[in-house]
Visitor: 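Structure provided below as structure tokens; questions to follow.
Keep in mind that what you see is a predicted model, and the values were worked out from it rather than measured. Note on naming: letters A, B, ... go to the chains in the order of the sequence lines (proteins, then strands), and numbering restarts at 1 for each one.
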Amino acid sequence: MTVRTAAETEAGDVIAPVTVPVSRETLVAYAHASGDQNPIHQDEEFAKSVGLPDVIAHGMWTLGAAGSVVSEWVGGAGRVIEFGTRFTKPVVVPTTGADVVIDGVVKSVDPESRRATVDLTATAGGDKVLGRCTAIVQLD
Amino acid sequence: MPVNADFQGRSYPPSGPYAVSADQIAAFADAVGSDDPLHRDAEVARAAGYADVIAPPTFAVTIAQQCDRAYVQDPEAGIDYGRVVHGEQRFVHHRPITAGDALMGELTIDSIRMAGGHAMITTRTELTADGEPVCTSTSTIVVRGGEDQ
């Protein structure tokens, strides 16, 4: 993994879209790894009984997937200094799975601290599922 | 019972320690689709200046949610967990969470706001190791209002 430098990074640079598949198995693995065993993320009958269209992904899975994309772009997970979002819409995961498309754009680069602010976008089925998803990353 | 606004501003004594293992980090990295070797190869992590393998940037939520339990499971808080959705999440990392960490978490209820029959609760967890700051995790949950509110 190559570490990105401040010298090669400027506002307007883009993170090309990455398509991340999500299946029911992905959500079971995330439930075990995170400890979030809410049945709306695993049990179709339960999800529908509380008014959801189907099983939905954990919002934190989606944010985690976006974190993996920005970590890869900057050149290491330890370089993501600040990271956050609003959860605007659920990612619906039918038995056939779904795709989340994640991309980003550099908003600014501070040459002193060599930190960049990156806005990330995540969409599923054409819907924006994360709102104001922003990372501050440490460049070299 | 509606959400109890009296909890705004309350801080809890630190909970923990929460031990972080290399296995937990690898399983979490797998689940969020990260193939960064910093999560799995201690030699690569040490070469990059870390004490051991490091966690993905959102891993802190797994610890913060354990710290939250003292609050959300308190019957006096009035939180019906079946009505909770995650509204917002933010992390400030002071250093990466690292395998071998024994984290302590100090929970504060920053704000409780009522809007349109819903309650929006912002909690902040300060994670530390050996007294040094590791991560500040801030979470807003929305407790959807019931018919009785």
Visitor: Given a strict heavy-atom distance threshold of 4.5 Å, which part of A:Val80 is in contact with chain B: side chain, backbone, both, or neither?
Guide: both

Visitor: Quick check for you: to the nearest 0.5 Å, what is the distance between B:Tyr81 atom OH and A:Asn38 atom CG?
Guide: 8.0 Å

Visitor: Run the side-chain contact (heavy atoms from CB on, under 4.5 Å) test on B:His93 and A:Glu82 for me, step by step, so that the C-alpha distance in whole Å, both residues' side-chain angles and the decisive distance to 0.1 Å come before the verdict.
Guide: CA-CA 6 Å; B:His93 292 286; A:Glu82 294 189 29; over 6 Å; no

Visitor: Heavy-atom pairs under 4.5 Å with chain A are the metric here; pick the option from B:Ala48, B:Ala29, B:Ala31 that has the most.
Guide: B:Ala31

Visitor: Using non-hydrogen atoms and a 4.5 Å limit, figure out which bit of B:Ala45 sits close to chain A: side chain, backbone, both or neither.
Guide: neither

Visitor: Of the non-hydrogen atoms in B:His39 and A:Ala77, which two are nearest, and what is the gap between them?
Guide: CE1-CB, 3.3 Å

Visitor: Tell me, for A:Ser71 versus chain B, whether the close heavy atoms (under 4.5 Å) come from the side chain, the backbone, both or neither.
Guide: side chain

Visitor: Counting only heavy atoms closer than 4.5 Å, note whether B:Tyr50 contacts chain A via side chain, backbone, both or neither.
Guide: side chain

Visitor: Measure the shortest side-chain to side-chain distance between B:Asp36 and A:Glu72 over non-hydrogen atoms and say whether it is less than 4.5 angstrom.
Guide: no

Visitor: Need one label for B:Val92: side chain, backbone, both or neither, based on atoms under 4.5 Å from any heavy atom in chain A.
Guide: both

Visitor: Name the member of A:Ala65, A:Pro90, A:Gly67, A:Gly64 that forms the most heavy-atom pairs with chain B at distances under 4.5 Å.
Guide: A:Gly64

Visitor: Below 4.5 Å, heavy atoms only, C-beta onward: do B:Gln89 and A:Phe83 meet side chain to side chain?
Guide: no

Visitor: Is there side-chain contact between B:Thr140 and A:Phe87, with at least one heavy-atom pair below 4.5 Å?
Guide: no

Visitor: Give the member of B:Cys135, B:Gly87, B:Pro96 that has the highest number of heavy-atom pairs under 4.5 Å with chain A.
Guide: B:Gly87

Visitor: For B:His94, is it the side chain, the backbone, both or neither that has a heavy atom under 4.5 Å from a heavy atom of chain A?
Guide: neither

Visitor: I'd like to check the side-chain hydrogen bond (donor to acceptor under 3.5 Å, both in side chains) partners of A:Ser49; sequence neighbours left out, ordered by chain and number.
Guide: none

